[in-house]
Amino acid sequence: MERFMKQIANSLSKQLMIDESILASWLEIPPNSEMGDLALPCFRLAKELHKSPQVIAADIADALVENELVESAVPAGPYVNFRLNRATAMEQVMRQIRDDDAFYHGAQGAGQVVAIDLSSPNIAKPFSMGHLRSTVIGTAIANLLESDSYQTLRINHLGDWGTQFGKIIVAYHRYGDEAKIKANPIQELNALYVQFHEAAQDDPSLDDEARAAFKRMEDGNEDDLRLWRWMIEVSLEEFAKTYAMLGTSFTHNLGESFYNDKMDAVVKEIQSLGLLVESDGAEVVMLEDVGLPPCLIKRSDGATLYATRDLAAALYRHKDLCADRLLYVVGGEQRLHFEQVFAVLTRMGYDFAKNCKHIAFGMMRLGGKKMSTRKGQVVRLQEVLEEAVGRAKEIINEKNPSLQNADLVAKEIGVGAVIFNDLKTNRLHDIDFSMETALAFEGETGPYVQYTHARSCSVLRKAYLLDAGVSPEQLVTHSQAIAQVDSQTVSLDDPTWELIKQLSLFPGLRNRAIDEYDPSLIAKHVLDICQAFNHFYHDCPILTADEPIRSIRLALTDAARLTIRNSLQLLGIGYPAEI
RNA sequence: GUCCCAGUAGCUCAGUCGGAUAGAGCAACAGCCUUCUAAGCUGUGGGUCGGGGGUUCGAAUCCCUCCUGGGACGCCA
């Protein structure tokens with residue numbers, strides 16, 4: 001669609017003597033497609049031309065717009081509504097999809113490395129629905145960036161260090177039943193954590209004990225570290241199952257403990273720059289002048305804090321991993337923390353701080369309340385995924401019992417439903433978890449998109465074109481034939497045209513999703529494409545149509561299929577050819 | 001108390017760098033399978049865009065203010 005706008009703006013700029021790119025930015029899509037395909041509001045021209053918008057609109061419409069893309073230009077009050085020549089427009093879109101890689105890919109990021117901090121579950125705790133958000137949003141952003149030629153570093157910043165492990169170790173020694181824990185590590189370790197917090201309410205000395213236990217770990221107590229390493233091992237095993245189901249992978253699995261030996265250098269650097277000041281026994285960097293509270297670097301007992309760790313991690317990613325840009329897909333409640341970390345980096349003279357961005361997202365709630373591992377109020381992602389896959393399997397058994405690879409397809413659909421449900425919603429909204437909503441298979445859902453994709457595959461399969469597609473030459477010939485024979489009455493009917501227009505919006509939306517780090521734009525748009533395709537599918541017989549309409553409809557089906565598939569790929573969702 | 005995020009149909013949400021009559025899905029009701037996958041398609045009903053001011057030819061969108069919900073605010077991450 002951006003291409004169409006550019007072409008029309010180009011013609012108009014010659015006529016109006018106004019810059020092409022300004023005109024292109026003024027062009028908009030009318031609220032109702034009956035009005036036209038594109039519109040130019042003339043309000044802003046009124047001041048300059050000293051005429052009413054209505055008169056200007058009429059003048060523009062009257063002048064012959066010399067552009068083969070424009071079918072008609074009619075004034076509608078202060079607007080000029082343009083109709084595009086459907087065959088010409090279709091030919092352009094199809095050529096782009098067929099010949100021009102730029103439809104699905106870009107080169108903006110060539111030579112640039114982006115580090116993405118994502119997922120980051122905590123060791124010895126269940127992988128909850130809360131961590132799903134960071135995982136799927138981060139993955140989709142990484143996919144989007146890679147589609148624009150960026151190199152991405154997908155870093156799983158595991159929560160594997162901190163006082164919480166002191167707590168678990170204390171609880172392990174006090175209440176732990178080794179056999180029970182071995183049998184079901186994560187659940188039992190989390191139960192110990194919950195038990196610790198309950199006990200600590202009555203006996204605050206337990207907290208001191210936990211801090212001491214963690215200090216022992218920092219000092220290298222081998223018994224505690226052995227237990228800690230075991231917790232990491234069993235947690236990673238458990239997480240691996242979830243990641244395998246989600247189809248998520250990382251380039252780096254670097255927990256917080258990885259930076260333990262890198263923090264001294266950072267603290268010394270801050271100190272040597274004269275930024276470190278003592279405050280109430282702790283060491284901080286003052287950030288008052290940029291409107292932020294002080295950033296705590298060292299506790300009064302000399303221990304480091306998570307800001308210190310994030311500073312060390314940022315420098316590692318920049319210096320050792322050579323990342324030009326650092327993204328943090330982390331919940332919105334850590335906004336202030338990242339503002340402080342980035343401000344300290346700036347203060348330290350690191351220019352790359354301006355390329356650091358916290359990609360915040362809303363909180364996953366349960367029954368309106370924050371999920372809490374401490375209170376044991378969590379929904380385990382694995383349970384949700386398994387439930388989703390089970391339901392998908394039931395539906396397949398009912399609707400398509402002879403389907404090959406039914407288990408694999410059920411997995412892709414069930415998991416796709418859960419992922420899509422998360423991605424389609426605005427990042428910053430809090431989500432109150434509902435099994436019913438997460439597992440919906442009808443309406444604006446992942447399975448709806450996958451169903452539409454499989455439908456398009458099915459048609460092409462029956463035409464023996466699933467992999468080959470319709471040749472662009474054939475398509476172009478047919479489009480031109482239609483244009484010549486019948487440019488007035490429009491052989492390309494409305495449902496066909498609506499689908500073409502939806503497809504033409506893809507490159508612009510992909511760019512916007514990259515600029516705004518917002519995968520939901522892709523999710524919402526692919527729903528629009530699916531709606532348009534299903535409408536087209538319903539109204540326009542494809543296989544039984546006469547030539548050249550048949551070829552054109554097949555080509556359009558193929559284009560829709562490719563665009564839906566690309567969208568699902570970007571979102572990290574499977575796209576089975578048959579469901 | 002200060003700062004940040006959110007508030008649009010019964011529910012979940014689009015639309016938010018100002019443009020025409022504010023759109024989907026779910027739920028409810030009514031239709032469409034001898035025809036390419038009915039996980040689909042069509043139709044009906046449903047709105048003080050949280051309230052109030054302001055800027056503008058034009059405001060859900062920008063500014064101010066208030067209300068509601070959530071979050072953050074130094075030794076947790």
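Per chain, numbering begins at 1; letters A, B, ... match sequence-line order.
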Stacking between A:Y79 and B:rA20, defined as ring centres under 5.5 angstrom apart with planes under 30°, is that present or not? yes

Quickly work out the [X] [atom1] to [N] [atom2] distance and round it to whole Å.
{"X": "A:R44", "N": "B:rU56", "atom1": "CZ", "atom2": "P", "value": "17 Å"}
{"X": "A:I395", "N": "B:rU37", "atom1": "CD1", "atom2": "P", "value": "19 Å"}
{"X": "A:N426", "N": "B:rU8", "atom1": "CG", "atom2": "C1'", "value": "13 Å"}
{"X": "A:L366", "N": "B:rG70", "atom1": "CG", "atom2": "C1'", "value": "16 Å"}
{"X": "A:I564", "N": "B:rU37", "atom1": "CD1", "atom2": "P", "value": "15 Å"}
{"X": "A:E442", "N": "B:rA24", "atom1": "CD", "atom2": "P", "value": "19 Å"}

Criterion ring pair (Phe, Tyr, Trp, His ring centres under 6.0 Å) against A:F214, the qualifying member of A:W228, A:W161, A:F165: A:W161

Using a cut-off of 4.0 Å on non-hydrogen atoms, how would the nucleic acid contact of [X] be classed: base, sugar-phosphate, or nothing?
{"X": "A:A463", "result": "nothing"}
{"X": "A:I431", "result": "nothing"}
{"X": "A:D160", "result": "nothing"}
{"X": "A:L27", "result": "nothing"}
{"X": "A:F441", "result": "base"}
{"X": "A:I413", "result": "base"}
{"X": "A:P30", "result": "base"}

Roughly how many Å apart are [M] and [N], using the [atom1] atom of each and rounding to a whole number?
{"N": "B:rA59", "M": "B:rC66", "atom1": "P", "result": "24 Å"}
{"N": "B:rA6", "M": "B:rC13", "atom1": "P", "result": "13 Å"}
{"N": "B:rU16", "M": "B:rC62", "atom1": "P", "result": "10 Å"}
{"N": "B:rA77", "M": "B:rU61", "atom1": "C1'", "result": "37 Å"}
{"N": "B:rG25", "M": "B:rU35", "atom1": "C1'", "result": "28 Å"}

Show the distances under 3.5 angstrom between N or O atoms of the protein and N or O atoms of nucleotides 33-36 of chain B.
from	atom 1	to	atom 2	distance (Å)
B:rC36	O3'	A:K462	NZ	2.9
B:rC36	O2	A:I542	N	3.4
B:rC36	O2	A:L543	N	3.0
B:rC36	N3	A:I542	N	3.1
B:rC36	N4	A:Y537	O	2.3
B:rC36	N4	A:C540	O	3.0

Nucleotide by nucleotide, 5' to 3', does protein get under 4.0 Å of the base (B), only the sugar-phosphate (S), or neither (-) in nucleotides 71-77 of chain B, counting heavy atoms? SSSBBSB

Single hit among A:D493, A:D539, A:D558 for salt bridge (Lys or Arg N to Asp or Glu O under 4.0 Å) with A:R553: A:D493

Classified by glycosidic angle (syn within 90° of 0, else anti), B:rC33 comes out syn

Contact list (N/O, under 3.5 angstrom) for nucleotides 58-64 of chain B vs protein:
none

Can you name the residues that form a side chain to side chain donor-acceptor pair (under 3.5 Å) with A:Q54, not counting sequence neighbours? none

Residue pair A:R510 / A:I522: nearest heavy atoms and the distance that separates them: CA-CD1, 3.9 Å

A:Y316/A:F258 aromatic ring centres below 6.0 Å: yes

What nucleotide among B:rC41, B:rG15, B:rC13 has an atom nearest to a side-chain atom of A:L521? B:rG15

Return all side-chain donor-acceptor pairs below 3.5 angstrom for residues 332-340 of chain A, not counting sequence neighbours, or 'none' if the list is empty.
from	atom 1	to	atom 2	distance (Å)
A:H337	NE2	A:D310	OD2	2.6
A:Q340	NE2	A:P293	O	2.9
A:Q340	NE2	A:P294	O	3.0

Defining pairs by Watson-Crick or G-U wobble geometry with both distances under 3.5 Å, how would you list the stems of RNA chain B with at least three pairs each? B:1-7 with B:67-73, B:10-13 with B:23-26, B:28-32 with B:40-44, B:50-54 with B:62-66

